[in-house]
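Take a look at the structure set out below.
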Amino acid sequence: MLDLKELANNFEEISDKLKKKNIDKTLLNSLKELSLKLKEEKAVLETLQAEQNSKSKLFPIYKKEGKDTDELKKELDNNKDKITKTLLKTRELEERLFEIALVIPNIPDESVPSGESEDDNIEIKKILNKPVFDFEPKEHWDLDKKQQWIDFERGVKLSKSRFSVLKGDGAKLERALVNYMLDFNTQRGFCEVSVPFITNKESLTATGQLPKFEDDLFKIEGESLYLIPTAEVPVTNLYRDEILKEENLPIKLTSHTACFRKEAGSAGKDTRGMIRQHQFGKVELVCISKPADSEEIFNLMVKTASDLLSSLNLHHRLVLLCGGDLGFGAAKTVDIEVWLPGQNRYREISSISNTKDFQARRAKIRYKDGKKNRLVHTLNGSSLAIGRTIIAIMENYQQSDGRVLIPKALEAYIR
RNA sequence: CGGGAGAUGGCAGAGCGGUUGAAUGCACUGGUCUUGAAAACCAGCGAGGGUCAUACCUCCGGGAGUUCGAAUCUCCCUCUCCCGGCCA
C-alpha cells in the first residue's frame with residue numbers, strides 16, 4: 001500500500017512515478033481527496049468524542065454532590081447522535097479509501113527503466129555460455145518420449161489440463177532438486193522453513209494478491225482460505241502484525257512449497273509441456289530487512305539464485321524489469337532467464353523482487369529503531385522454480401541419442 | 001464432529017459499569033553502587049492516529065447491542081485449551 005501521507009504531500013512526484021505503471025492520475029487524485037476528507041472528518045469526530053468522554057465523567061461527581069443530571073444527560077444524548085452520524089461518515093470514507101488504496105500498485109524504484117512490456121526490459125548480463133550441440137536439440141516434451149519422466153495425459157485425467165505427473169527418475173530428479181536447492185540456500189545463510197500451503201484472506205491481502213488478483217487464486221469452497229500461489233505469501237506473513245528486534249534483522253528464509261495458480265489470464269499460452277502448470281514446486285527466498293539494507297539484500301538474493309543455476313552449469317541471463325512489466329507489489333525486480341536450447345530461447349526461471357515497505361505497510365511488519373517503530377522492507381525471489389529447472393536440465397543436458405544426463409552437482413542427491 | 005473451559009501489554013497474570021490504557025511479577029532500557037559483573041535500589045517501558053510539541057482520539061480476539069459512561073453487561077462469530085469420536 002502507498003503511504004497516504006506521502007501521497008498528499010508529494011502528489012505530483014508520486015503520480016509521475018506511477019505513470020510507469022499506467023495508473024490513472026484521477027484515481028490517485030480521488031485517493032488523495034478521500035484521505036484528506038477523512039482526516040478532516042476524523043478531527044470532527046474526535047472533538048465530539050472528547051466532549052462525550054469528559055462530560056460523562058461528571059456523572060459520578062454530580063451524584064456525589066446531589067446535583068440533578070437530567071440536563072447533562074439530555075445534552076449528552078444529543079451529542080451521541082452527532083457522534084453516531086459522524087462515525088458512519090468516517091467509516092464510509094475509510095471503506096472507499098481502502099477500496100482504492102489496496103489496488104494501487106507499488107511505486108517503481110528510481111533504477112527501474114520505463115517501458116511498456118517485457119520487450120523494454122534490460123538485460124544486465126549473461127552468465128556462462130550456451131551449450132554447443134552437434135545435432136538439433138529437442139524440446140523437453142520431445143525428449144520425454146524417451147525419458148518417460150513426465151506423464152501429461154494422466155495428470156489431465158486426475159485433475160484437468162495444466163496438471164502433470166512425474167515418475168521414475170523424473171520424480172527423483174524433482175526430489176533431488178528440492179533438497180539440493182534448500183541445502184544450497186542454507187549454506188548461504190538462509191534458514192529453512194516449512195509452511196502451510198493454504199492461507200487466509202488476511203495473509204493474501206498483506207502480500208498484495210488480494211483483493212485485486214482473486215481470479216488467479218484457487219479458493220477453498222465455503223472458507224475464506226486459498227491455495228498459495230507462492231511461498232512468498234505464508235513466509236512473509238510469518239511476521240505479520242509483529243514488531244521485530246533490530247538485532248534480528250535481516251531475516252533470511254528459504255522454503256519449498258507447492259504453488260497453485262489458476263493462470264486465468266494466460267489461456268492458450270504455453271499449453272504444451274510443463275512450462276506453465278496450475279501446480280508447481282518452487283524453492284523460495286524471503287528476506288526482511290531494514291530499509292537501508294534492502295538493496296544489498298536484493299543483490300545477495302539475485303546472486304544466490306544465479307549461483308545456484310551456475311552450480312548446475314546452466315547458461316542464464318539477468319534481466320531488469322521495466323515499469324510496465326513490474327508486478328503489482330514490486331518496486332524493483334530482476335528476472336533470471338535460463339537458456340532452453342530446444343526452445344531456442346530464454347525462459348524465466350526466477351524472479352526476485354524488492355517490495356520495499358509496500359507489503360510491510362499492509363502486513364504491519366515493523367522493527368524497533370531505537371525508540372520508534374519503523375516499517376521493514378520485504379523481499380522475495382525464487383531459487384528456483386523446480387519444474388522449469390527440470391526442463392532446463394532436460395534441454396541442456398540432452399545427448400544425441402535422446403538421453404538426458406544428470407548434472408554433476410546432483411549426483412550425490414540421486415540414488 | 002460432540003461435551004466443557006477460556007481469549008487482557010514481549011511473557012505470566014489482576015481487573016466492583018465511572019479519572020483504568022489497564023495492578024503485580026518477569027523480561028527489557030537507562031541510572032546509582034562496583035575495578036568489572038551479579039545482587040540491590042531508583043526511573044522508564046504496549047500499539048495506531050493526531051500535534052512543532054502538548055492536548056486529544058481509537059484499540060483489552062473480531063463484530064453488533066445496552067448505557068450519559070463498557071476490558072467489565074447481552075448477542076453473534078472466530079480462535080485456543082481440555083475430554084470424547086474420527087484420522088495421516
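Residue numbering restarts at 1 for every chain, and letters A, B, ... go by the order of the sequence lines.
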Between [atom2] of [N] and [atom1] of [X], the distance in whole Å:
X         : N       : atom1 : atom2 : answer
Asn373(A) : rG10(B) : CG    : P     : 11 Å
Leu88(A)  : rG63(B) : CG    : P     : 15 Å
Lys57(A)  : rG69(B) : NZ    : P     : 13 Å
Lys82(A)  : rC57(B) : NZ    : P     : 17 Å
Leu87(A)  : rG65(B) : CG    : C1'   : 14 Å
Arg374(A) : rA47(B) : CZ    : P     : 16 Å
Leu72(A)  : rG18(B) : CG    : C1'   : 13 Å
Ile365(A) : rA47(B) : CD1   : P     : 17 Å

Compare side-chain N and O positions of [X] against OP1 and OP2 of [N] and report whether any pair is under 4.0 Å apart.
X         : N       : answer
Lys368(A) : rU29(B) : no
Asn53(A)  : rU58(B) : yes
Lys39(A)  : rU51(B) : yes

Quick one: which of [options] gets closest to the side chain of [X]?
X        : options                   : answer
Arg91(A) : rG69(B), rG49(B), rA64(B) : rA64(B)
Gln49(A) : rC56(B), rU58(B), rG18(B) : rU58(B)
Ala50(A) : rA47(B), rC56(B), rG49(B) : rC56(B)

Whole-angstrom distance between [N] and [M], as gauged at atom [atom1]:
N       : M       : atom1 : value
rA22(B) : rU32(B) : C1'   : 30 Å
rA70(B) : rC75(B) : C1'   : 15 Å
rU72(B) : rG21(B) : P     : 13 Å
rA47(B) : rG9(B)  : C1'   : 9 Å
rA38(B) : rG30(B) : P     : 12 Å
rU78(B) : rA64(B) : C1'   : 15 Å
rG25(B) : rG13(B) : P     : 16 Å
rA40(B) : rA5(B)  : P     : 41 Å

Checklist entry - Should rA7(B) form a Watson-Crick or G-U wobble pair with both distances under 3.5 Å, which nucleotide is its partner? => result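 When the pairing criteria are applied, rU78(B) turns out to be the nucleotide that pairs with rA7(B).
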Touch class at under 4.0 angstrom, heavy-atom based, for [X] against every strand present:
X         : answer
Lys74(A)  : nothing
Lys5(A)   : sugar-phosphate
Asn79(A)  : nothing
Ile243(A) : sugar-phosphate
Arg361(A) : nothing
Glu75(A)  : nothing

Checklist entry - With the threshold set at 4.0 Å, does a side-chain nitrogen-carboxylate oxygen contact exist between Glu51(A) and Lys80(A)? => result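 Not counted as a salt bridge, because no side-chain N and carboxylate O are separated by less than 4.0 Å.
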Next on the checklist: Any carboxylate oxygen within less than 4.0 angstrom of a Lys/Arg side-chain nitrogen, looking at Glu295(A) and Lys332(A)?
Outcome noted: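 Yes, this pair counts.
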Checklist entry - So, Glu214(A) versus Tyr226(A): side-chain donor-acceptor pair below 3.5 Å or not? => result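 Tyr226(A) and Glu214(A) do have a side-chain donor-acceptor pair below 3.5 Å.
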Checklist entry - Judged by modelled atom types alone, do Ser266(A) and Glu263(A) share a side-chain donor-acceptor pair under 3.5 Å? => result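 A donor-acceptor contact under 3.5 Å links the two side chains.
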